[in-house]
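What you are looking at is a predicted structure, and each value in this text was computed from that prediction instead of being measured. Letters A, B, ... mirror the listed sequences (proteins, then strands); counts begin at 1.
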2 protein chains.
Amino acid sequence: MAVRPKTTRGQARRDQILRAAETVFGTMGYADASIADITREARTAQGTLYIYFRGKDEIFAELVAEMGRLTRDVIARAVAKCDGRLEAERRGLEAFLRFVAERPELYRIVEEARFVAPAAYRDYFTRFARAYRQQLERAQRAGEIRPGNCEVRAWALMGLAKALGERFVLWDRDTDIEEVVAVAFDMIEHGLAA
Amino acid sequence: MAVRPKTTRGQARRDQILRAAETVFGTMGYADASIADITREARTAQGTLYIYFRGKDEIFAELVAEMGRLTRDVIARAVAKCDGRLEAERRGLEAFLRFVAERPELYRIVEEARFVAPAAYRDYFTRFARAYRQQLERAQRAGEIRPGNCEVRAWALMGLAKALGERFVLWDRDTDIEEVVAVAFDMIEHGLAA
DNA sequence: TCACAACATGAATAATGATTCATGTTTCAC
DNA sequence: GTGAAACATGAATCATTATTCATGTTGTGA
């Protein structure tokens, strides 16, 4: 029951199952996805899944955690050698949207986690927000951005990115991401006031 | 099977069940809520529910639609006699957050609809976005706000509001909404640039 | 090559809970 | 007052599926 693989073969099986779960959960959603669907996709027996995971929720939560590491990594890379927070803001948003475009299933899983694996979901966004806030505070101290509560701003900016991803990437698979980023960034930089 | 009530009694029962469903779905979530839970809360027999609703999904979708009417109404009222779009933006955001604070269950339902009743969910936000965009375009023509794609902006602003609601209202039941609104509004008005 | 740990199988189990339906009860138009 | 339509009941049905487990198979260190 839920053992960490000790051989290469075991590691491979575990991965095989995780990848299958990603596909199945991502396309059918948690409720409609059955263990049978996942193991069929993974080409293993149902019992095999229970060697590596405690159950349906645990494998889902694991995907969310994996996704957390991945997203943080993608954004961090994109933002790494930007000079100036505003530039980082633009690049980060663009990287995020492109990432959603590339792995829409994974992103759906993160959002569904809000209801299926609340702890994992909260963890995902809380971690992200903490880092985000620190970046903003640093920029604020450097006088790059207006003063103001950076916790609130971090969450506002995350929400903005999520909504754009949902509407312009998941729903319309063919909108011009660059255009969306440009418009959003103008708002982030200068606000709405004429 | 799913009949529109023709008497006062019928109307009352249907409502009774809807209110019970609101409570039960709102606190336990769709998956964990059973028909038995709902009818117990409503003090009716399980079969009664099926007189007025086709099934578990339909009653859920109905709640989402109801919620749509309600939110639009609340925001419209709050924004009604503001002069200037920016003022409306501030008041609208505040009204939204206070609404989430007052009926957290209902708002949870709308968000869960993304996975449980996608059509209702999409309808909810698409309608909202349409109205929002029109307001922004009007303000733009009046020279009140900077020029820019208002469809993108509308979704960005909706996402921002959603995230703030989730983090500062649903998670922290006691943050100072006024403070959050002030910070967010500063960003909406002037952006981040120093 | 043996022994043993790790891995793999898939049919059986067992719980759950949405939906139906045969049987009442209430309302109200006439 | 009566009959028919509307409403209400809740126990039985029925399908679905997560999880277990008794039984194999594979790989490897000594």
Protein-nucleic acid N or O pairs under 3.5 Å, nucleotides 27-30 of chain C:
none

Just the atom pairs and distances: protein N or O near nucleotides 12-16 of chain D's N or O, under 3.5 Å.
none

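Here T39(B) lies out of heavy-atom contact (under 4.0 Å) with every strand. If you check every strand for non-hydrogen atoms under 4.0 Å, A33(A) touches sugar and phosphate atoms only.
Between the C1' atom of dT19(D) and the OH atom of Y52(A) lies a distance of 17 Å, rounded to the nearest Å. If you take CZ of R54(B) and P of dT19(C), they are 12 Å apart, rounded to a whole angstrom. At whole-Å resolution of the value, CG in D32(B) and P in dG17(C) are 8 Å apart. The CD atom of Q11(A) sits 15 Å away from the P atom of dA6(C) (whole-angstrom rounding). Atom CD1 of I51(A) and atom C1' of dA22(D) are 14 Å apart (whole Å). Protein atom CZ of R4(B) is 12 Å distant from nucleotide atom P of dC7(D), rounded to whole Å. At whole-Å resolution of the value, NZ in K56(A) and C1' in dT17(D) are 8 Å apart. Nucleotide dA6(C) holds its P atom 5 Å from the NZ atom of K6(A), rounded to whole Å.
A salt bridge is absent between R91(B) and E94(B): the closest approach of a Lys/Arg side-chain nitrogen to an acidic carboxylate oxygen does not fall below 4.0 angstrom. A salt bridge links R85(A) with E89(A); the closest basic N to acidic carboxylate O contact falls under 4.0 Å. Between R90(B) and E87(B), at least one side-chain N (NZ, or NE/NH1/NH2) sits under 4.0 Å from a carboxylate O, which counts as a salt bridge. A salt bridge links R69(B) with E62(B): the distance from a Lys NZ or Arg NE/NH1/NH2 to an Asp or Glu carboxylate oxygen falls below 4.0 Å. Classification of R98(A) and E102(A) as a salt-bridged pair fails, no side-chain N sitting under 4.0 Å from a carboxylate O.
When hydrophobic clusters are built by joining Ile, Leu, Val, Met, Phe, Trp and Tyr residues whose side-chain heavy atoms come closer than 4.5 Å, directly or via intermediates, V100(A) is grouped together with Y121(B).
Residues D37(A) and S34(A) have side chains that bring a donor and an acceptor to within less than 3.5 angstrom of each other. Side-chain atoms of R13(A) and Q16(A) form a donor-acceptor pair, as typed in the model, at a separation below 3.5 Å.
Neither OP1 nor OP2 of dA8(D) sits under 4.0 Å from any side-chain N or O of Y50(B). The phosphate of dC7(C) has neither OP1 nor OP2 within less than 4.0 Å of any side-chain N or O from R13(A).
Taking only side-chain atoms of P5(A), from C-beta outward, the nucleotide of dC7(C), dA6(D), dT20(C) with the closest atom is dC7(C). Listed nucleotides dT9(C), dT9(D), dA6(C) differ in distance to T48(A); the shortest reach to its side chain belongs to dT9(C). With dC7(D), dG10(D), dT19(C) as the choices, the nucleotide that has an atom nearest any side-chain atom of A45(B) turns out to be dG10(D).
Comparing G47(B) and R14(A) against DNA chain C, the residue whose closest nucleotide sits nearer the 5' end is R14(A).
Considering every non-hydrogen atom in both Y124(A) and T71(A), the closest pair reads OH-OG1, 3.0 Å.
In this structure a side-chain-to-backbone donor-acceptor pair under 3.5 Å is missing from R108(A) to R103(A).
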